[in-house]
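So the structure is just underneath, and the comments pick up after that.
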Amino acid sequence: MKNKNHIRLDNFFLSFQEIWKFDKRLFFVLLADVIINATLPFPNIILSGLIIDSIVTGNDFLLVFFYIALMFAISFLLNAVSTYLKKFREYLFIKFTNKLNNDISNKCMNMDFEQFNDSSFQDRILLINQISQGNNFFTNITTVFGTISQIITLVGIILIMTILNIWLLCIALAVIALQAVLHVINLRYNKQFQIDTINEQRKLGYVSQLAKDISAKKDTDMFNMSGFILKKIKSFQQNMLVFNIRRIKTNTFIEMATYLLSIGFQMSAYILIGMNAFTGKISIGDFTMGIASLINFMSSSSFVAMNVLNLNNSLFYIKKYKSFLNLKSKFDEKSNITINDIDLDNIEIEFRNVSFRYPNSNSFVLKNINLKINNKEKFAIVGYNGAGKTSFTLLLTRMYDPTEGSIHLNGIDIREINYRDYLKIFSTVYQDFFLFSFSFLENIAKTETMTQEELDIIMELFNNNGMGERLQKMYKGLNTPITKTLFASGVDLSGGERQKVAIIRALYKNSPVLILDEPTAALDPVSEHEIYRKFEELSEGKLTVYISHRIYSTRFCDKIAVFDKGEIKEYGTFEQLMNMKGLYYDFYQKQAEYFK
């Protein structure tokens, strides 16, 4: 218990620190808000009683009018200031929510692929998004100050109620305690509901998005998958509905119990105060003031009790947020070996007894891989789908680390090299590459402004890859957005055109190692031949790794490794492999007719 309280205090003070660093004005706004909201109920409570007594005793009507005007004037002034403070707080909340979203996005962007691709991490992101949706530092601080305001109000109301009837206060405190217990039970149940359903929520979110995803629309229509996807949506909705039914039943019971306690208290209050008024112990004005105090007491006390408990619930998300931001990835690894310590003009890569299986899997996709890729060599990996070719690429670029064995670059274990610097060594076109819905220029160079010399280099790459003429026909040239997702002036590219843009992006990075994972899969044989011919020119002086299931396209490579079921079955030059008349020869013969 002591440890939990210590954690809560840490999270509580962390909220103050984060808000103070973000915008100090919020604290002054909240202090003003405390004073305004604490005094807001009292003009109506006190002056309503004076108005009633003045009317009953038949005092001068001008005095009654004065009390009425004073009550509404004070209420208007306090509400006007309160509204202004509320809107300013709303403005700061939007800014702070944007900051939290940026922090979460920044953390996601700085997680390595191996961790990011894990389903448990995706579940964690879904949970942590609760921070940006309300359960965050900002709401914690506003809750604290709002609670202080209501406590001040309660102190004043308690003084009034104690004068009217001490038993009323005792009953109220007992009712509030019981309501707080019910609220604790409800909070715990709802928190457990969030944890238990996080995986189902992610599944439902995914299939629901499929129905709205333009990139999936063609396949959805072509393969008549709309009914299947709708069935999946309904299935996951049904799974969530089972959880929600239990939650609704529990919440309904608790809310009804809370309401009954409130009704019981109000009945008791009316009887106790009414008896005092009936026996003449208090005036009709005092009775009116007591009822007004009763209403405000119940709302203020419930607000305080619920906020204290909700604050405890919010601190749960703060703890998750802290642990999320403290997650370590390969980007955080400390290393003394940087890109400056590597001879980029003489790159040599060696796999030493490398075996690999994906996380949470018992099957090895690569087994005992031993090979060396020499400096400026054109190296090809071929094999059927599922042979382990792409897994080899993921290990080479250190998207994953080997389960067994090690990979060395110029004799250095790649795990000892600064991860950000290591990625700079490679330019890769993955089989499932991704283009962003920004302009061509932003996709390739990550900027909107460039020197003329840099623009000339990019245009030369477009011309060399058969995209120059197509680009010239576009209204905005390099500034034309890809797809219409974000901009109406965007263009939709064919699969081959998209692949050419991805290749241009890789070439523009101008890294010493170029990796092409099925780079021509969307191209026809003629275009493929032209692309590879250009590759020979553009990749001159680079260590280039080609991964392909098209055997003919690897003829020009210096060395070829034939993968089958996660192992290297054959290795050598094109001529050597053809003379072996093994797997490579069989592959070649089966595909040869397509290249005659």
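Note that the structure is predicted; figures quoted are calculated from it, not measured.
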Does atom [atom1] of [X] have more than 12 heavy-atom neighbours, drawn from other residues, nucleotides or ligands, at distances under 6.0 Å?
X    : atom1 : value
N336 : CG    : no
Y84  : OH    : no
K509 : NZ    : yes
K99  : NZ    : yes
N360 : CG    : no

List in chain and number order the residues that pass ring-ring contact (aromatic ring centres under 6.0 Å, His included) with F324, two or more places apart in sequence or in another chain; answer none if no residue qualifies. F121
Residues which pass ring-ring contact (aromatic ring centres under 6.0 Å, His included) with F28, listed by chain and number, not counting sequence neighbours: none
Looking at every non-hydrogen atom in both residues, tell me the closest pair between [X] and [Y] and how far apart they are.
X    : Y    : result
F440 : V501 : CE2-CG2, 3.7 Å
Y508 : A445 : CE2-CB, 3.9 Å
L366 : I369 : CB-CG1, 4.2 Å
K330 : D112 : N-OD2, 2.9 Å
A506 : S427 : O-OG, 3.0 Å
D558 : T573 : O-CG2, 3.4 Å

So, [X] side chain and [Y] main chain: donor-acceptor pair closer than 3.5 Å or not?
X    : Y    : result
K559 : K378 : no
N410 : N346 : yes
N374 : E377 : no
K484 : G490 : yes
T451 : E454 : yes
K107 : L325 : yes
T403 : R357 : yes
S511 : K424 : yes
E442 : S439 : yes
S329 : N110 : yes

Do the two ring centres, one from [X] and one from [Y], sit under 6.0 Å apart?
X    : Y    : answer
Y358 : F356 : yes
Y384 : F563 : no
Y430 : F434 : no
F556 : F574 : no
F392 : Y400 : no

Ion pair check, K376 and D345, cut-off under 4.0 Å: no
R124 and S323: side chain donor to acceptor below 3.5 Å: yes
Close side-chain approach of [X] and [Y], heavy atoms under 4.5 Å:
X    : Y    : answer
Y584 : I560 : yes
N463 : E469 : no
M450 : D456 : no
I503 : N465 : yes
D401 : L395 : no
K367 : V354 : no
L423 : M399 : yes
M111 : L327 : yes

From L26 atom CG to L92 atom CG, the distance as rounded to the nearest 0.5 Å: 5.5 Å
Please verify the inter-ring angle class for W20 with F27; under 30° counts as parallel, over 60° as perpendicular, anything in between as tilted. tilted
Between Y571 and F379, how do the two ring planes meet: parallel, tilted or perpendicular, split at 30° and 60°? tilted
Partner of R398 by salt bridge (charged side-chain N to carboxylate O under 4.0 Å, His left out), out of E114, E333, E416: E333
Go through it in stages, so that I can follow the logic: the residues are L455 and L478, the test is side-chain contact (heavy atoms from CB on, under 4.5 Å), and I'd like the CA-CA distance, side-chain angles, deciding distance and then a yes or no. CA-CA 9 Å; L455 289 171; L478 284 171; 3.8 Å; yes
For L344 and I339: C-alpha separation, side-chain torsions, deciding distance, then whether side-chain contact (heavy atoms from CB on, under 4.5 Å) applies. CA-CA 8 Å; L344 299 180; I339 198 168; 4.1 Å; yes
Begin with the C-alpha distance, continue with both residues' side-chain angles, and end with the deciding distance and a verdict on side-chain contact (heavy atoms from CB on, under 4.5 Å) for K389 and D517. CA-CA 8 Å; K389 305 186 301 295; D517 186 356; 5.7 Å; no
Could you walk me through whether E497 and K500 pass salt bridge (Lys or Arg N to Asp or Glu O under 4.0 Å), step by step? CA-CA 5 Å; E497 288 173 332; K500 288 179 180 180; over 6 Å; no
Could you go through the side-chain contact (heavy atoms from CB on, under 4.5 Å) check for L371 and I373 one step at a time? CA-CA 7 Å; L371 65 82; I373 309 173; 3.6 Å; yes
